[in-house]
Asker: 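I'd like to ask you about the structure that follows.
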Amino acid sequence: MRQRRAELARLRELGRDPFRATRFDRTHLATEIRDAFDSLEGSSTRVAGRLTAQRRHGKATFADLQDSSGTIQLLFRLDGVGEKKYGQVAELDDGDIVGAEGTVCRTRTGEVTVAAADFVLLAKALRPPPEKWHGLRDIEIRYRRRYLDLIANEEARRVFQVRSGVIGSIRRFLDERGFLEVETPMMQSVAGGALARPFITHHNALDIDLSLRIATELHLKRLIVGGMERVYEIGRVFRNEGVSTQHNPEYTLLEAYQAYAGYQDIMELTETMVARAAEEVLGRLKLTYGGKEVDLTPPWRRVPMVEAIVERAQVAPEELHSEEAARRACQRLGLPAAAEMRLSTMVNNIFDHFVQPKLIDPTFIVDYPTAISPLAKAHSDNPELAERFEPFAGGMELGNAFSELNDPEEQRRRFEEQARSRLAGDEEAHPMDEDFLLALEYGMPPTGGLGIGIDRLVMLLTDSSSIRDVILFPQMRPHPK
RNA sequence: GAGCCGUUAGCUCAGUUGGCAGAGCACCGGACUUUUAAUCCGGGUGUCCUGGGUUCGAAUCCCAGACGGCUCACCA
């Protein structure tokens, strides 16, 4: 670092400021040259990128140049670039940004190489890049200084290419099905649409507190009322909750709403959309997550929540129908069973602990308790259960969907019920939203809605065990190391 | 929020019973015109996470704290 600063000062004194360049015309990316070697051999190309390794042999020097596509070998020879320029080759450091013009050739060992006729230092690296053989392992530096992770680790680059590909695939899919992509407010005076604690901020000019959104649901449904009929939004939502391998305070949520569709239709949409993203981005439907096989081929299994519990946990069906029995079951299983806990909460806890981790192949768990689904329409023949499903795969919950509750009076009762929970101390209970109720009173068609956690979907498709591996800049406690 | 583990050179990591701070890569000097973890010769560049304590002496033992990882709890 000290030496590199001195070198930089020397270059500047010589009138060769390495930060003066504003552009460089390049003709090919590294992998384009490798892929089209047969047609490019012998012709001149211009490449640019970061030097990641150098092998000096006196009057010849090999170097690896990394660009967004991959790496290509450069060859500088004394009689190729001339004596004056070859002297500058010795000044190059690993990490420097270099542009080179030269002839495409193959070396004795068969390596596709650009034999430089000329080159230019486009930017100086004052700090050396991470070690070339072991790469960058320190997980904290990988998250805090993602650029180093991207320079050093091929796998990190791949993960974010997959992420971009998945989002692109989903957009195309929904666009083809006639969905309109929209943007709704991130700052809201009532943060609804999910059961979570919001971040609060303040608008100075209006002198009002605002919440960062925890979901896009209630605004997208307003658009359904407005006749948009098929809408979606892919956007960041913010939840003031704990951080874990599956939770980041801000994460990317896809929500889609389709008028005149029920939750069965949304299941078809979900499995088709995810399978297509996997097919387009990975080229396959069968993958491995955490060492386990996952087959995304539709149709996915549909299992009512209660059946899934009976099937996977040591619980009898009758234990899921009365508060007394469920409490005893929770005690037996070592789960919280406080006297004020409601049946639906206890059933949900049993599910989360004993069933979810076992849902490796994609599965739709259907028919959640209405009591924990304040925005979902209840089954007409069993008001205790909602027309709701959650997709699971790789032991992860990937989303949440239902036939949307469109009865404004019933919605008001649900909100009032939530308000009672809130008064009882449940900070995640859904807040009353009069403006949303007003919209429902104008009439919302029967509608199916879906939310998918994009980060978790990308985790599944990239075999990532932590959500931080699929978010470029995950939330970290500030601590410049 | 709780438990366990981790933090040593730019990077990857050793460091024995408490006794001069180490290796590889990178870097600096030298040799070398087809290497690819180039090779060969020479050179160690450090707030051992921070602050206390014990001790003749602490990277090492004790206490407190910071940051991170994993697991658990709440959430998607």
Side-chain angles (χ1 to χ4, degrees), chain A residues 1-4 6-7 52-65 71-81 86 89-90 93-95 105-113 115 125-145 148-149 151-153 193-198 214-215 237-255 334-336 345 348-349 352-353 356 390-392 396-401 426-428 451-457 459 465-468 474 476-481:
Chain A
M1 175 89 177
R2 202 181 312 123
Q3 285 149 342
R4 290 191 182 202
E7 171 69 6
T52 55
Q54 298 173 77
R55 294 171 290 282
R56 299 176 187 282
H57 299 263
K59 300 188 179 67
T61 296
F62 293 92
D64 295 334
L65 188 78
T71 63
I72 185 91
Q73 178 169 263
L74 299 181
L75 170 58
F76 302 101
R77 298 196 326 159
L78 178 62
D79 44 15
V81 297
Y86 194 78
V89 172
D93 290 311
D94 284 358
C105 64
R106 226 186 249 284
T107 63
R108 251 175 232 170
T109 54
E111 180 83 10
V112 174
T113 298
L126 287 178
R127 295 174 187 270
E131 204 246 4
K132 63 187 175 189
W133 184 242
H134 296 94
L136 181 65
R137 298 255 179 82
D138 187 312
I139 196 89
E140 185 170 352
I141 298 180
R142 289 185 51 213
Y143 295 153
R144 287 189 193 274
R145 297 194 246 166
L148 294 180
D149 187 31
I151 289 170
N153 298 322
L195 307 179
R197 295 166 63 182
I214 57 174
V237 298
F238 308 86
R239 299 191 179 181
N240 207 338
E241 314 270 356
V243 175
S244 80
T245 50
Q246 290 189 36
H247 300 87
N248 195 64
E250 53 179 306
Y251 72 100
T252 301
L253 181 64
L254 159 70
E255 287 199 41
L335 294 176
T345 308
N348 204 39
N349 281 347
D352 285 349
H353 279 87
Q356 176 178 328
E390 291 196 349
F392 291 84
M396 281 187 292
E397 180 183 345
L398 295 179
N400 187 14
D426 181 359
E427 289 184 71
E428 288 168 6
I452 291 281
I454 295 294
D455 314 271
R456 288 191 186 170
L457 178 59
M459 285 171 69
S465 59
S466 171
I467 197 169
R468 295 184 199 94
M476 303 284 274
R477 202 180 280 273
H479 172 65
K481 195 175 172 180

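To find a chain, count down the sequence lines: A is the first, B the second, and so on, and within it residues start at 1.
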Asker: Specify the separation, in whole Å, of atom CG of A:N240 and atom P of B:rA76.
Answerer: 14 Å
Asker: Considering only the P atoms, how many Å lie between B:rU60 and B:rC20, rounded to the nearest integer?
Answerer: 14 Å
Asker: From CZ of A:R144 over to P of B:rU7, roughly how many Å is that when rounded to an integer?
Answerer: 17 Å
Asker: In whole angstrom, give the distance that lies between atom CG of A:D79 and atom P of B:rC32.
Answerer: 15 Å
Asker: Taking side chain as C-beta onward, heavy atoms only, is A:V243 less than 4.5 Å from A:P249?
Answerer: yes
Asker: For the side chain of A:T107, counting heavy atoms from C-beta on, which of B:rG68, B:rC70, B:rU35 is nearest?
Answerer: B:rU35
Asker: Are side-chain heavy atoms of A:C105 and A:T113 found at a separation under 4.5 Å?
Answerer: yes
Asker: Considering only atom P, compute the distance from B:rA14 to B:rU7 and round it to an integer number of Å.
Answerer: 8 Å
Asker: Rounded to whole angstroms, how far apart are CZ on A:R197 and P on B:rG1?
Answerer: 11 Å
Asker: Across all strands shown, which nucleotide pairs with B:rU71 by Watson-Crick or G-U wobble geometry, both distances under 3.5 Å?
Answerer: B:rA2
Asker: Sticking with atom C1', work out how far B:rG46 lies from B:rA21, rounded to a whole angstrom.
Answerer: 8 Å
Asker: With a 3.5 angstrom cut-off on both distances, give the Watson-Crick or G-U wobble partner of B:rU54, or none if there isn't one.
Answerer: none
Asker: Side chains of A:I141 and A:L136: closer than 4.5 Å at any heavy-atom pair?
Answerer: yes
Asker: B:rG69, OP1 or OP2 - any side-chain N/O from A:R468 closer than 4.0 Å?
Answerer: yes
Asker: Take A:D64 and A:D93, find for each the nucleotide of RNA chain B with the closest heavy atom, and name the residue whose nucleotide sits nearer the 5' end.
Answerer: A:D93
Asker: Between A:A63 and A:R56, just flag the one whose closest nucleotide in RNA chain B comes earlier from the 5' side.
Answerer: A:A63
Asker: For B:rU35, what is the paired nucleotide under Watson-Crick or G-U wobble rules, both distances under 3.5 Å?
Answerer: none
Asker: Remember a base hit wins even if backbone is also touched, and classify A:M396 as base, sugar-phosphate or nothing at under 4.0 Å, heavy atoms.
Answerer: nothing
Asker: Is the shortest heavy-atom distance from the side chain of A:P130 to the side chain of A:D138 under 4.5 Å?
Answerer: no
Asker: Within the structure shown, what part of the strands sits under 4.0 Å from A:I452 by heavy-atom distance: base, sugar-phosphate, or nothing?
Answerer: nothing
Asker: Quiz question: going by heavy-atom distance under 3.5 Å, is there a donor-acceptor pair between the base of B:rU35 and the side chain of A:R55?
Answerer: yes
Asker: Tell me the interatomic distance from A:H57, atom NE2, to B:rC40, atom P, rounded to whole angstroms.
Answerer: 13 Å
Asker: Expressed in angstrom and rounded to an integer, what is the separation of A:Q246 atom CD from B:rC70 atom P?
Answerer: 11 Å
Asker: B:rC70, B:rC74, B:rA26: which one has an atom nearest the side-chain heavy atoms of A:D94?
Answerer: B:rA26
Asker: Using atom C1' in both nucleotides, what's the gap between B:rU50 and B:rA59 to the nearest angstrom?
Answerer: 14 Å
Asker: Is there a side-chain contact between A:E390 and A:N400, using heavy atoms and a 4.5 Å cut-off?
Answerer: yes
Asker: Who is the Watson-Crick or G-U wobble partner of B:rA26, with both distances under 3.5 Å?
Answerer: B:rU45
Asker: Which of the following nucleotides, B:rC67, B:rU33, B:rC70, is nearest to the side chain of A:R477?
Answerer: B:rC67
Asker: When you compare B:rG65 with B:rG3, how far apart are their P atoms, in angstrom units rounded to a whole number?
Answerer: 11 Å
Asker: Which whole number of Å gives the distance between the C1' atom of B:rU17 and that of B:rA31?
Answerer: 46 Å
Asker: Under 4.0 Å, counting only non-hydrogen atoms across every strand here, what does A:Y251 touch: a base, just sugar-phosphate, or nothing?
Answerer: base
Asker: Hey, what are the protein-to-nucleotides 10-12 of chain B N/O distances that come in under 3.5 Å?
Answerer:
residue	atom	partner	partner atom	Å
B:rC11	O2'	A:E131	N	3.3
B:rC11	O2'	A:G135	O	3.0
B:rU12	OP1	A:R137	N	2.9
B:rU12	OP1	A:D138	N	2.7
B:rU12	O3'	A:R137	NH1	3.4

Asker: Would A:K59 and A:D79 satisfy salt bridge (Lys or Arg N to Asp or Glu O under 4.0 Å), going step by step from the backbone distance to the final call?
Answerer: CA-CA 8 Å; A:K59 300 188 179 67; A:D79 44 15; over 6 Å; no
Asker: Would you kindly check whether a donor in the side chain of A:E111 faces an acceptor in the base of B:rU35, or vice versa, at under 3.5 angstrom?
Answerer: no
Asker: Suppose you measure atom C1' in B:rC27 against the same atom in B:rU45; what distance do you get, rounded to whole Å?
Answerer: 8 Å
Asker: Are A:E397 and A:Q246 close enough that some pair of their side-chain heavy atoms sits under 4.5 Å apart?
Answerer: no
Asker: Nearest-Å distance, CD (A:E255) to P (B:rA76)?
Answerer: 12 Å
Asker: Counting distance only, does the side-chain N/O of A:D94 pair as donor-acceptor with the main-chain N or O of A:P129 below 3.5 Å?
Answerer: no
Asker: Using a 4.0 Å heavy-atom cut-off across all strands, classify A:N248 as base, sugar-phosphate, or nothing.
Answerer: base
Asker: Identify whether any heavy atom of A:R142 sits under 4.0 Å from a base atom; if not, whether one sits that close to sugar-phosphate; answer base, sugar-phosphate or nothing.
Answerer: nothing
Asker: How far, in whole Å, is B:rC62 from B:rG18 if one measures between their C1' atoms?
Answerer: 13 Å
Asker: Would one find a side-chain N or O of A:H353 under 4.0 angstrom from OP1 or OP2 of B:rC72?
Answerer: no
Asker: If you take all heavy atoms of A:S466 and A:M459, which pair is closest and at what distance?
Answerer: C-CE, 3.8 Å
Asker: Under 4.0 Å between any heavy atoms, over every strand shown, what does A:T245 touch: base, sugar-phosphate, or nothing? Just pick one.
Answerer: sugar-phosphate
Asker: Taking a pair as Watson-Crick or G-U wobble with both distances under 3.5 Å, which nucleotide is matched to B:rU17?
Answerer: none
Asker: Is the closest side-chain donor-acceptor distance between A:Y251 and A:R456 under 3.5 Å?
Answerer: no
Asker: Check the geometry between A:W133 and B:rG24 and answer yes if their rings are stacked (centres below 5.5 Å, planes below 30°), otherwise no.
Answerer: no
Asker: A:L126 has an atom CG; how far is it from atom P of B:rA26, in whole Å?
Answerer: 20 Å
Asker: Under a 3.5 Å cut-off for both distances, is B:rA59 Watson-Crick or wobble paired, and to whom?
Answerer: none
Asker: Taking the side chain as every heavy atom from C-beta outward, state whether A:R239 and A:E428 have any pair of such atoms under 4.5 Å apart.
Answerer: no
